[in-house]
Each structure stands twice: as C-alpha cells, then as structure tokens.
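Here's the structure we're looking at; comments come further down.
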Amino acid sequence: MNTANNLIKNKKDQARMDAIVKGLNVTPMTTQSAPQPETTLSYPSNEQYITVTLDKLRPYEHNPRKTRNPNFEVIKESIRRRGLDHKPNITRRPGEDFYIIADGGNTRIQALKELFTETQDSRFWSISCHYKPWKGETADSVEAELDLLIGHLIENDTRADLSFIEKALGILQAKEYYEKKLGNELSARELSTELEKDGYIIHYSLINKMDNCVSYLYPFIPNVLFAGLGKPQIEKLLSVRNNANEVWHKYRMDDDTGFYQVWVGSLSRCNDDSPFHLKTFQDYLITAMLDKLGDETTSYEALYFDIDLDEQKFRKLAAKQQELEQKITDSTSTDTVTADKPATELTLPQDQIEEPLKPAKQVETNLMSTNATIQEPAEHVADFVSAFDMDDPGTIQFNQYNANESATHETTFTPGDTDTDLNTTLSEHFMNGFGLVPGMSVQAQREQKAQENGLSFALTGRQPVADIWQIFPARKHKAEAYSLALDIAETVGLDELVEHIVKEPVDYSFQMKAAPTTLNAIQQAIYDLLAMSETDNLNQNKNCQFNTALLLGSAEQPAIIDDITLVKIFRLIRLVRHIRTESN
C-alpha cells in the first residue's frame, strides 16, 4: 500500500515539475522532486520581501514581450555567477496558489528555471522577491490587470527591450482593459490621456500608427514584425498602403474588397523575408494591382509614380520649386515698387527725443539660403527641400548632372548674384538628371516624349518606353532594366524565370534562373537574350545564341516578335550597355 502511495506521489511530483518546466519553455528536470519540502503559502497584505520557490512562480501571461530576450544568455550567465542582483516584484491573484511577476523579471525567472534544471543547485530554486499585494478585490479586477500591464510596459521601455509590434500589442491590450473599465470605446487621444494618468506617457499619434500596424500589417507579416521590423520601415509601409489605397479607389471607387485582397496577397508573400525589403513588396503590390485593374486602365509606371514614396517626395520638390518661382516673382515686384516709392521723412517734437534717432537696421531677406548640396534628388529630397530655408542667408549648391557624362559638377547660386539664373539652374538640374520638367506631371511628360519619338504604342506594361536611347544619370537604371526584362519575358510566359537578386541597398539587379528543357524556339531566343543582359554579375559573359529571324523576319515568314517587345528589347540593350560602362 505504501509503495502504491509513493508511486502516486512521485507521479504527482513529476507532473507538477513538468508543468513548471513547460510554463517556462525549458527542458524537463532530471529529478522528480524539489530540493525543499513544499510549504503552505501565506499571502501578506502589505508590501514586503518574501522567499519563494520556483514551483510557486509563474511568468505574467500578458507580458508584452512575445519573443525571447536577445540578451537572455548574458542574463542567465550573470545569474549563474552572481545570483540575482535585482529581486523580482511579484503579486498574487485572489484564490490562486502561485505568484506572478508584477512588472518585469520574466526573463530572470526563465533563466533561474533553466539553471536549476541544469545544475540542481538549490540557490536557483529558492529566491527572495519583493511582494506587492494584488490591487483589486477579485482575480479578474481590471484595475489590477492594468497595473500589471502598465508596469511591464514601463519596465520594458526602460530597457528598450520591446520591438514595435510587441509594444503595439501591449498598448492595444491596455486599450481593451480601459474600455472595459470605463464602459465605452476610446479614441487614440483619449487612450493617451488615460495611460498618462497611470504613469505611462505615449503620444496619440504613435497609438494611431500602432493601431494601423496591428490592423493592416500584423495579420499578414507577423514573422517579419516579430523579427524586429522597426518604426521607420513600418511607417513607410503604412504610407505605401495609403498611397495604393487612394490610387485603387481612383479606378475602383467602391471596391474595398478588391484592394483588401490585393494587399493581403502581396504582403503575405513577404512574411518569411529576412530581411524585409519595402521595394520588393511594392513591386508585388503594383504588379497585383495592375493585374486586377488591367493594362487598358493604367500602367505599371503610372501606378509606381503614384505609390512610390521617393516619387511622391520628388513631386513635392517640384511643387516647392513652383512656389519658389512665384516667391521670386513676387519679391522682384515688391522690390521694384519699394525702389520707386519716395522716402517719407519722420519728424518728432524735440521734447520727445531723448537721444538722436539712429538709422533703422537694414534687414535683408534672402529668398534662397543655407548650404545644401543635392547629389540625388530622389534619394535626398529632405536635404534638398531644406535648402529653401528662408531665415538664414547663405548659398545653395547643386550637383549638376550631365546627360552625357557619369561625373557631376557643382553649380552655385548666391543670393543677389546677377550672373546666375536660379530658375534655369533648377530646371536644368531636373532635366539633365531625371529628364523631367518640374511642375508638369510625370505621366504627361512621358506621353509627350513618347509621341515625339513615335513610341506612344510602347507606353504599356511594367516599364513603358518613351525613349530608346536617352540616359538620365539620376534614374535607377537597374530597376528600369529589371522591369523591362519582366515585360519581355512575360510575352512568352517566362517572367517567373527573371530573378530579382536582393541586395542592400536594393538595386533591382536581375539574373535568369535555370531554363527548363521544354522551351520552344521563341522562348529559348528570349531566354538567351535576357541571360546575356543580366545586371547582377556584370563581368560574366554568357555564350548564348539569338535567332535574328525572330527580330528581322525572313523570306519564309515575317518577324515573330511584336513591335512593343522589340522596342523594349532595344531599350534593355541600351541600358545594359550603359550599366556595364558605368561599372568599369
């Protein structure tokens, strides 16, 4: 009988220890019992230090941290050598027979569990903790749960331990508690106020971003977010969504479901990307939108101009230039009127003059100011716009692109310089660098250029072609070549073989995947052409053959490759020649 009782007791002990280990994600212990006899818990009514064994401790189940602390091994080794330097704060819900971590210390408890599992050392089993009474009458007290959650948020903020998504999920958990407590829904501003009352400061605008992140990103790229995607990238991703949503509803006004499907499908493709690249996702998104909207409705390039953040900055820059031109005109007109107006003499009674009147200090307002050098406007728009500071007189410098040279030279405009025309300098800068005229929509300029070159029919696909030969140094040539390669390959069903080689920073280099053995003659010809045009390894020359009859035709049959594809092939060849020349 005693043997049976001992077996039952041993099984219970094993089950209890297994539960402890499972709760803290460590390997099973080798012993079947704790190093100390189990004692009956007593729960103090006031704050005090008490000694607690690990079998009576649990991590806080709503801890904002969802991933393993990156410093876990360092913390664990420190505890192994020194013991606990900082006693964890603990509390207990009424009716429960175990304690929980009150406001930070979950990592230390997990480390203690692993250390005891490995060493069976009793100093890792029984530890001194700071006990804080439960702040509520019942175990499900909202006030007490809020106190715990905010304590963990503050503790993690102090150490800057949480990723953006972990903090966002914690804040929205707090929102649920507050709404349950107050009995009504809270706006971001109201939630910010409530959190501040309880000692946690966060701006409502950041709460809005967190809410959007959880709503629009978290369900579809949780792996990317928990891997540590930062606030700047999340903000850019949300901005791309806003732009894409606005463009979508320009064509499909009431079709929210369609955009949701496009967004979810494109974003979900990136869930396992490491690292995550915004431009890669954006390409998926634009391609999916174009597939749904149709080539007859819009083009890849048109969608790109409306969605891409760099292009949006460039448009703001162009608008800023127009504003400057107007201010220059207004300033010139004002100066002319002032110069023609006779001076007015001011006379005061002698007894009101305490000292001789001094000449008024002349204040010159220079329209253009600061010392800013623009190297690549699409990449450094913020620096360029800062050149338009109206408060500090100075000089503006621009790197002036030459369409026929890869090098740049500086052009300087000094306020009051009668030999330099600022408007001409700005316009030439954009024309030489980008081939674009500020103040005119990009799409309209492309259409105009295409018509002048007889290429209006080629303004279609991911990369419409308006000019075969012209090279503009500020444009991203590899990105253009990659889009052209996709368009060309798609005409024969080979676009899946065009592989974007992800680099940091992203430059859209491409190479061709291994070709299947089932290609027909025209597919093989296009494949060989694209293989020769790869932009990833520019020093690699592949020996491929191209059937010129497909381009030129023969006496037996006309050319098989259509005119649009032909134009894109010519443009791709021109770009690859330029890219290879620039790389040498």
Side-chain angles (χ1 to χ4, degrees), residues 6 8-134 139 144-145 147-149 151-152 155-156 159 161:
N6 288 337
I8 292 172
K9 183 178 180 181
N10 287 340
K11 287 182 179 179
K12 287 183 177 179
D13 288 342
Q14 182 62 50
R16 178 170 58 82
M17 296 307 293
D18 288 344
I20 294 170
V21 171
K22 183 179 179 181
L24 288 162
N25 300 318
V26 297
T27 55
M29 299 181 182
T30 57
T31 64
Q32 298 204 8
S33 61
Q36 297 181 7
E38 185 174 351
T39 58
T40 303
L41 286 177
S42 60
Y43 302 111
S45 59
N46 59 326
E47 291 192 24
Q48 58 182 277
Y49 288 100
I50 62 175
T51 299
V52 181
T53 54
L54 290 184
D55 60 331
K56 295 301 181 183
L57 276 177
R58 302 285 189 277
Y60 176 51
E61 62 270 31
H62 299 304
N63 181 20
R65 174 179 288 286
K66 308 300 180 186
T67 56
R68 186 180 178 89
N69 191 320
N71 298 317
F72 178 82
E73 294 301 332
V74 175
I75 295 171
K76 178 181 172 181
E77 188 60 27
S78 174
I79 295 174
R80 183 196 301 274
R81 298 184 182 191
R82 297 173 52 84
L84 276 179
D85 285 331
H86 304 287
K87 297 176 174 63
N89 296 324
I90 61 174
T91 188
R92 181 193 69 87
R93 294 185 179 93
E96 293 184 344
D97 64 349
F98 58 85
Y99 298 94
I100 56 176
I101 302 301
D103 54 10
N106 296 283
T107 298
R108 281 170 281 166
I109 299 304
Q110 185 176 356
L112 285 166
K113 279 293 183 181
E114 289 194 7
L115 287 168
F116 178 71
T117 301
E118 295 167 4
T119 67
Q120 302 297 296
D121 191 332
S122 61
R123 69 192 179 100
F124 301 131
W125 176 259
S126 181
I127 60 174
S128 178
C129 301
H130 182 203
Y131 173 80
K132 294 182 175 182
W134 181 254
E145 293 291 353
D147 181 66
L148 283 177
L149 179 58
H152 278 80
E155 178 70 18
N156 281 290
R159 299 192 303 268
D161 273 351

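Just so it is clear, the values below take in all heavy atoms, side chains as well, and ignore hydrogens, waters and symmetry mates. We count residues from 1, following the sequence as given.
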Spacing of Cys129 atom SG and Ile50 atom CD1 [to the nearest 0.5 Å]: 6.5 Å

If the condition is side chain to side chain contact (heavy atoms under 4.5 Å, CB included), which residues does Arg82 pass it with, not counting sequence neighbours? Ser78, Asp85

Once rounded to the nearest 0.5 Å, what's the spacing between atom CD1 of Ile127 and atom OG1 of Thr53? 9.0 Å

Restricting to non-hydrogen atoms, name the atom on Thr107 and the atom on Ile75 that form the minimum distance, rounded to 0.1 Å. CG2-CD1, 3.8 Å

Measuring from atom CD of Glu77 to atom CG of Leu115, what distance do you get when rounded to the nearest 0.5 angstrom? 8.0 Å

Could you list the residues that satisfy side chain to side chain contact (heavy atoms under 4.5 Å, CB included) with Arg123, not counting sequence neighbours? Asp121

Any pair with a residue in residues 48-82 that passes ring pair (Phe, Tyr, Trp, His ring centres under 6.0 Å), sequence neighbours left out, goes on the list, sorted by first then second residue, please. Tyr49-His130, Tyr60-His62, Tyr60-His152

Answer yes or no: is there a side-chain heavy-atom contact under 4.5 Å between Arg108 and Leu84? yes

Distance col, row Asp97:CG vs Asp55:CG, nearest 0.5 angstrom, shows 9.5 Å

Lys132 side chain vs Ala102 backbone, donor-acceptor pair below 3.5 Å: no

Between CD1 on residue Ile100 and CG on residue Leu148, distance to nearest 0.5 Å: 5.0 Å

Minimum side-chain heavy-atom gap Pro59-Gln110 below 4.5 Å: no

Smallest heavy-atom separation, Pro133 atom then Thr91 atom, equals C-OG1, 3.5 Å

Assess Arg58 against Phe98: is NZ or CZ under 6.0 Å from the centre of the six-membered ring, and within 45 degrees of the ring's axis? yes

If I take atom CG from residue Asn89 and atom CD1 from residue Ile101, how far apart are they, to the nearest 0.5 angstrom? 8.5 Å

Measure up the Tyr131 and Tyr99 rings against each other and bin them: parallel (under 30°), tilted (30 to 60°), perpendicular (over 60°). perpendicular

Minimum heavy-atom separation for Pro88 and Ser128, please, with both atom names. CD-O, 4.0 Å

Who are the salt bridge (charged side-chain N to carboxylate O under 4.0 Å, His left out) partners of Lys76, not counting sequence neighbours? Glu114, Glu118

